[in-house]
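So the structure is just underneath, and the comments pick up after that.
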Amino acid sequence: MPHYNLPHNHGQNIEKVLDKIPPAERFKDIAFLFQQLDDPTRLRILWLLCHCEECVCNIAAAVGMSAPAVSHHLRALKKSGIISSRREGKEVYYSLSKTPQAKLLHRSIDALFEMSCPTDI
(Lines give C-alpha, C1' and ligand atoms only; values in the text may rest on other atoms or scores of the structure.)
Protein backbone atom coordinates (compact mmCIF):
# COMPACT_ATOMS: atom_id res chain seq x y z
CA MET A 1 0.00 0.00 0.00
CA PRO A 2 1.53 3.34 -1.02
CA HIS A 3 1.96 6.07 1.52
CA TYR A 4 -0.03 9.13 0.42
CA ASN A 5 1.56 11.70 2.74
CA LEU A 6 -1.80 13.29 3.56
CA PRO A 7 -1.56 16.40 5.72
CA HIS A 8 -4.51 15.44 7.99
CA ASN A 9 -5.92 12.22 9.40
CA HIS A 10 -9.66 12.61 9.89
CA GLY A 11 -10.20 8.91 10.63
CA GLN A 12 -12.14 8.32 7.39
CA ASN A 13 -9.76 5.77 5.85
CA ILE A 14 -9.14 7.83 2.72
CA GLU A 15 -6.07 5.68 2.07
CA LYS A 16 -8.33 2.69 1.35
CA VAL A 17 -10.28 4.79 -1.12
CA LEU A 18 -7.11 6.09 -2.75
CA ASP A 19 -5.85 2.52 -3.14
CA LYS A 20 -8.85 1.94 -5.48
CA ILE A 21 -8.72 5.21 -7.44
CA PRO A 22 -8.60 4.62 -11.20
CA PRO A 23 -5.62 5.90 -13.19
CA ALA A 24 -5.70 9.56 -14.26
CA GLU A 25 -6.08 8.52 -17.93
CA ARG A 26 -9.46 6.90 -17.16
CA PHE A 27 -10.68 10.20 -15.70
CA LYS A 28 -9.64 11.94 -18.93
CA ASP A 29 -11.62 9.37 -20.94
CA ILE A 30 -14.74 9.83 -18.82
CA ALA A 31 -14.39 13.63 -18.87
CA PHE A 32 -14.22 13.50 -22.69
CA LEU A 33 -17.37 11.38 -22.71
CA PHE A 34 -19.23 13.90 -20.55
CA GLN A 35 -17.97 16.82 -22.66
CA GLN A 36 -19.94 15.38 -25.54
CA LEU A 37 -23.13 15.99 -23.56
CA ASP A 38 -22.52 19.67 -22.75
CA ASP A 39 -24.35 20.89 -25.85
CA PRO A 40 -28.18 20.90 -25.82
CA THR A 41 -28.38 20.06 -29.52
CA ARG A 42 -26.00 17.14 -29.13
CA LEU A 43 -28.05 15.94 -26.17
CA ARG A 44 -31.23 16.11 -28.29
CA ILE A 45 -29.55 14.10 -31.03
CA LEU A 46 -28.35 11.57 -28.49
CA TRP A 47 -31.83 11.31 -26.97
CA LEU A 48 -33.23 10.58 -30.41
CA LEU A 49 -30.57 7.96 -31.14
CA CYS A 50 -31.19 6.30 -27.78
CA HIS A 51 -34.63 5.47 -29.09
CA CYS A 52 -34.21 4.83 -32.81
CA GLU A 53 -31.74 4.39 -35.62
CA GLU A 54 -31.80 7.26 -38.11
CA CYS A 55 -30.02 8.87 -41.06
CA VAL A 56 -28.50 12.35 -40.99
CA CYS A 57 -31.32 13.90 -43.05
CA ASN A 58 -34.04 12.69 -40.70
CA ILE A 59 -32.04 13.68 -37.61
CA ALA A 60 -31.48 17.15 -39.10
CA ALA A 61 -35.21 17.56 -39.81
CA ALA A 62 -36.12 16.31 -36.33
CA VAL A 63 -33.85 18.79 -34.53
CA GLY A 64 -34.34 21.66 -37.00
CA MET A 65 -30.75 21.93 -38.19
CA SER A 66 -28.82 21.52 -41.40
CA ALA A 67 -27.40 18.11 -42.28
CA PRO A 68 -23.79 19.42 -42.12
CA ALA A 69 -24.37 20.82 -38.60
CA VAL A 70 -25.88 17.51 -37.48
CA SER A 71 -22.97 15.63 -39.08
CA HIS A 72 -20.57 17.70 -36.97
CA HIS A 73 -22.37 16.63 -33.78
CA LEU A 74 -22.57 13.02 -34.94
CA ARG A 75 -18.80 12.93 -35.53
CA ALA A 76 -18.17 14.08 -31.96
CA LEU A 77 -20.60 11.54 -30.49
CA LYS A 78 -19.13 8.76 -32.61
CA LYS A 79 -15.55 9.70 -31.64
CA SER A 80 -16.52 9.36 -27.99
CA GLY A 81 -17.96 5.89 -28.64
CA ILE A 82 -21.48 6.84 -27.58
CA ILE A 83 -23.02 6.20 -30.99
CA SER A 84 -22.20 3.93 -33.89
CA SER A 85 -23.08 3.93 -37.55
CA ARG A 86 -23.73 1.49 -40.35
CA ARG A 87 -23.84 2.03 -44.07
CA GLU A 88 -26.63 0.71 -46.26
CA GLY A 89 -25.93 1.66 -49.86
CA LYS A 90 -25.39 5.41 -49.94
CA GLU A 91 -27.20 5.97 -46.63
CA VAL A 92 -25.52 5.98 -43.21
CA TYR A 93 -27.64 5.15 -40.18
CA TYR A 94 -26.73 6.18 -36.65
CA SER A 95 -27.78 4.63 -33.37
CA LEU A 96 -26.70 4.34 -29.76
CA SER A 97 -23.66 2.10 -29.34
CA LYS A 98 -24.11 -1.21 -27.61
CA THR A 99 -21.41 -0.44 -25.03
CA PRO A 100 -22.18 -0.52 -21.29
CA GLN A 101 -21.35 3.21 -21.10
CA ALA A 102 -23.82 4.10 -23.86
CA LYS A 103 -26.53 1.94 -22.27
CA LEU A 104 -25.93 3.66 -18.93
CA LEU A 105 -26.25 7.07 -20.63
CA HIS A 106 -29.53 5.94 -22.21
CA ARG A 107 -30.96 4.93 -18.82
CA SER A 108 -29.66 8.15 -17.26
CA ILE A 109 -31.13 10.35 -19.96
CA ASP A 110 -34.52 8.65 -19.65
CA ALA A 111 -34.39 9.02 -15.87
CA LEU A 112 -33.41 12.70 -16.08
CA PHE A 113 -36.31 13.38 -18.43
CA GLU A 114 -38.52 11.31 -16.09
CA MET A 115 -39.75 9.10 -18.90
CA SER A 116 -39.82 5.51 -19.99
CA CYS A 117 -38.01 4.62 -23.16
CA PRO A 118 -40.56 5.12 -26.00
CA THR A 119 -39.33 1.92 -27.65
CA ASP A 120 -40.28 -0.06 -24.50
CA ILE A 121 -43.92 1.07 -24.68
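No experiment lies behind these values; they were computed from the predicted model shown. Side-chain atoms are counted along with the backbone in the values below, which use heavy atoms only and exclude waters and symmetry mates.
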inquiry  = So, using salt bridge (charged side-chain N to carboxylate O under 4.0 Å, His left out) as the criterion, who are the partners of E88 when residues are at least two apart?
reply    = R86
task = For the pair I45 and I83, evaluate side-chain contact (heavy atoms from CB on, under 4.5 Å) and give the outcome as yes or no after the intermediate values.
result = CA-CA 10 Å; I45 292 168; I83 65 167; over 6 Å; no
query = Below 4.5 Å, heavy atoms only, C-beta onward: do L48 and N58 meet side chain to side chain?
reply = no
request  = Calculate, to the nearest 0.5 Å, the distance between atoms NZ and SG belonging to K103 and C50 respectively.
outcome  = 12.0 Å
query = Taking atom CG of L18 as the centre, does the number of heavy atoms from other residues, nucleotides or ligands within less than 6.0 Å exceed 12?
reply = yes
message = Would you say that L43 contacts I109 through its side chain, given a criterion of any heavy-atom pair below 4.5 Å between the two side chains?
response = yes
request  = Might you point out which heavy atoms bring T99 and G81 nearest each other, and give the distance in Å?
outcome  = OG1-O, 4.1 Å
Side-chain heavy-atom pair D110, H51 within 4.5 angstrom cut-off = yes
ask   = L105: what forms a side-chain contact (heavy atoms from CB on, under 4.5 Å) with it, not counting sequence neighbours?
value = L33, L37, I82
ask   = Where do S85 and K78 come nearest, in terms of heavy atoms and distance?
value = OG-NZ, 2.5 Å
query = For K79, what residues pass the side chain to side chain donor-acceptor pair (under 3.5 Å) criterion, not counting sequence neighbours?
reply = none
Atom pairs and distances, side-chain donor-acceptor, residues 20-32, under 3.5 Å, sequence neighbours left out:
none

query = Just wondering, do L77 and Y94 contact through their side chains at under 4.5 Å, heavy atoms?
reply = no
inquiry  = Starting from F113, can I reach L104 by hopping between I/L/V/M/F/W/Y residues whose side chains sit under 4.5 Å apart?
reply    = no
request  = To the nearest 0.5 Å, tell me how far R44 CZ sits from L49 CG.
outcome  = 12.0 Å
inquiry  = Measuring from atom CH2 of W47 to atom SG of C52, what distance do you get when rounded to the nearest 0.5 angstrom?
reply    = 8.0 Å
inquiry  = How close do S97 and S84 get, counting heavy atoms only, and between which atoms?
reply    = OG-N, 3.5 Å
note = dist I59:CD1 -> T41:OG1 (nearest 0.5 Å) comes out at 13.0 Å
inquiry  = Restricting to side-chain contact (heavy atoms from CB on, under 4.5 Å), what partner residues turn up for E91, sequence neighbours left out?
reply    = C55, Y93
message = For the CG atom of D39 and the CG atom of L46, what is their distance to the nearest 0.5 Å?
response = 11.5 Å
Name the atoms and distances for all side-chain donor-acceptor pairs under 3.5 Å in residues 65-75, with sequence neighbours left out.
residue: S66; atom: OG; partner: A69; partner atom: N; Å: 3.2
residue: S71; atom: OG; partner: A67; partner atom: O; Å: 3.0
residue: H73; atom: ND1; partner: R42; partner atom: NE; Å: 3.2
residue: H73; atom: ND1; partner: R42; partner atom: NH2; Å: 3.3

